[in-house]
Each structure stands twice: as structure tokens, then as C-alpha cells.
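Working notes, beginning with the structure itself.
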Amino acid sequence: MDKRLDLQELARKIDISAVRTDVTLEELTDVAEMAKRWRFICAFTMPCFTQHLAELLRDTPEVALGGVVGFPSGAETTQTKVHIARELLSMGCDELDMVINVGALKSGSYDLVERDIRSVVEAAD
């Protein structure tokens with residue numbers, strides 16, 4: 001049995017992202033064009049550009065809109081992450097990627113990490 005994927009099947013397994021802090025609108029437009037051309041499963045950008053990416057992908061419903069919570073450090077307060085998650089969902093995000101509080105994890109504060117994750121998951125419903 002041949003288990004190789006064709007290019008279209010492979011593209012449906014790939015997220016494309018523009019989540020660097022120095023991404024320009026021109027780069028974001030390029031990412032959106034690639035997502036539309038190849039029909040990637042999801043496209044992400046930083047929260048400040050999420051609405052713009054939503055507009056760029058408006059006519060391509062098969063490409064999901066992704067939002068990032070806590071990028072890049074994960075060090076925001078839980079309430080800040082909850083607010084961002086809700087805001088991103090209100091902008092039309094279909095998927096959220098969250099950075100956990102790495103400092104808390106490395107410190108062994110597992111309850112804090114769990115509460116952080118649980119709060120964002122509950123906010124995202």
C-alpha cells in the first residue's frame with residue numbers, strides 16, 4: 001500500500017505562520033497568498049495583524065484563521081491570555097496556539113501552568 005501524500009494532501013496538514021515580532025504587512029500578504037495558493041490548513045499571525053489576515057483570507061474558507069496567545073514568551077498573566085483568546089475568537093479565529101508560562105514550568109509551578117492552560121481553554125470554549 002502506497003502511503004505517500006500528494007501535494008494537496010500534504011498542504012492540508014501544514015500551518016503557515018507569520019508570528020515573528022518583526023513581520024511586515026508585505027510579508028503577511030505573501031503568507032496569505034501562499035496559504036490560498038496551496039490551501040494550507042491554517043494561517044497564523046501576531047494578534048495585531050489578525051484582523052488584516054482575516055480580510056486577506058476572507059474568500060478562502062478552507063484555510064482556517066489561527067491566532068496566537070502568549071507569543072513569544074508565554075509570560076503574560078493568565079487574565080491577559082484569556083482576554084487575548086476571546087478577542088482573537090471574536091475576530092474569527094478557528095484555532096488558537098498558546099505558549100505556556102515556561103518560567104513557571106521550569107520553576108516546578110505545575111498548578112500555575114495547569115490553571116493558565118485551563119483558563120485559556122475554557123475561554124475558548
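Put simply, the side chain of Pro47 reaches to within 4.5 Å of the side chain of Leu88, judged on heavy atoms. Side-chain contact between Val31 and Thr45 is absent, with no heavy atoms from C-beta onward closer than 4.5 Å.
The two residues Ala35 and Leu57 make their nearest non-hydrogen contact at CB-CD2, 4.3 Å. The two atoms that bring Leu96 and Ala85 nearest to each other are CD1-CB, 3.8 Å, heavy atoms only. Shown here for Leu65 and Ala54, the closest heavy-atom pair between the two residues is CD2-CB, 3.5 Å. A pairwise comparison of heavy atoms in Glu27 and Asp22 identifies OE1-O, 3.8 Å as the closest pair.
Around CG of Asp125, the count of heavy atoms belonging to other residues, nucleotides or ligands within 6.0 Å does not exceed 12. Other residues, nucleotides and ligands contribute only 12 or fewer heavy atoms inside 6.0 Å of the CD atom of Glu26. Residue Arg118 qualifies as open at atom CZ: its count of foreign heavy atoms under 6.0 Å is 12 or below.
With hydrogens and angles ignored, the 3.5 Å screen pairs no side-chain donor or acceptor of Glu122 with any backbone N or O of Ser119. Between the side chain of Lys36 and the backbone N or O of Asp59, no donor-acceptor pair lies under 3.5 Å. Ser17 places no side-chain N or O within 3.5 Å of a backbone atom of Phe44 that could act as its donor or acceptor partner. A side-chain donor-acceptor contact under 3.5 Å links Ser73 to the backbone of Ala75. Distance alone, capped at 3.5 Å, places no donor-acceptor pair between the Lys81 side chain and the Ile117 backbone. Between the side chain of Arg12 and the main chain of Phe40, a donor-acceptor pair closer than 3.5 Å is present.
Atom-to-atom distance recorded for Lys13:NZ and Asp15:CG is 12.0 Å, nearest 0.5 angstrom. Between the CZ atom of Phe71 and the CD atom of Glu76 there is a distance of 10.5 Å, given to the nearest 0.5 Å. In this structure, Arg37 CZ and Thr60 OG1 are separated by 14.0 Å, a value rounded to the nearest 0.5 Å. Atom CD of Gln51 is separated from atom SG of Cys93 by 9.0 Å, given to the nearest 0.5 angstrom. With rounding to the nearest 0.5 angstrom, the CH2 atom of Trp38 is 10.0 Å from the CG atom of Leu10.
Using a 4.5 Å cut-off between side-chain heavy atoms of Ile, Leu, Val, Met, Phe, Trp and Tyr, with links allowed through other members, Val69 and Leu105 fall into the same hydrophobic cluster. Residues Ile16 and Leu7 share a hydrophobic cluster, clusters being chains of Ile/Leu/Val/Met/Phe/Trp/Tyr side chains in contact below 4.5 Å. Clustering ILVMFWY residues whenever any of their side-chain heavy atoms sit less than 4.5 angstrom apart, transitively, puts Val68 in a cluster other than the one holding Leu53. By the rule that hydrophobic residues join a cluster once side-chain heavy atoms approach within less than 4.5 Å of another member, Val19 and Phe49 end up as members of separate clusters.
A side chain to side chain donor-acceptor pair (under 3.5 Å) check over residues 82-98, counting only residues at least two apart or in different chains, returns nothing.
Arg115 is linked by a side chain to side chain contact (heavy atoms under 4.5 Å, CB included) to Asp111, Leu112, counting only residues two or more places apart in sequence or in another chain.
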(request) Test Val23 against Met46 for side-chain contact (heavy atoms from CB on, under 4.5 Å), laying out the working first. (result) CA-CA 9 Å; Val23 168; Met46 297 298 276; 5.9 Å; no

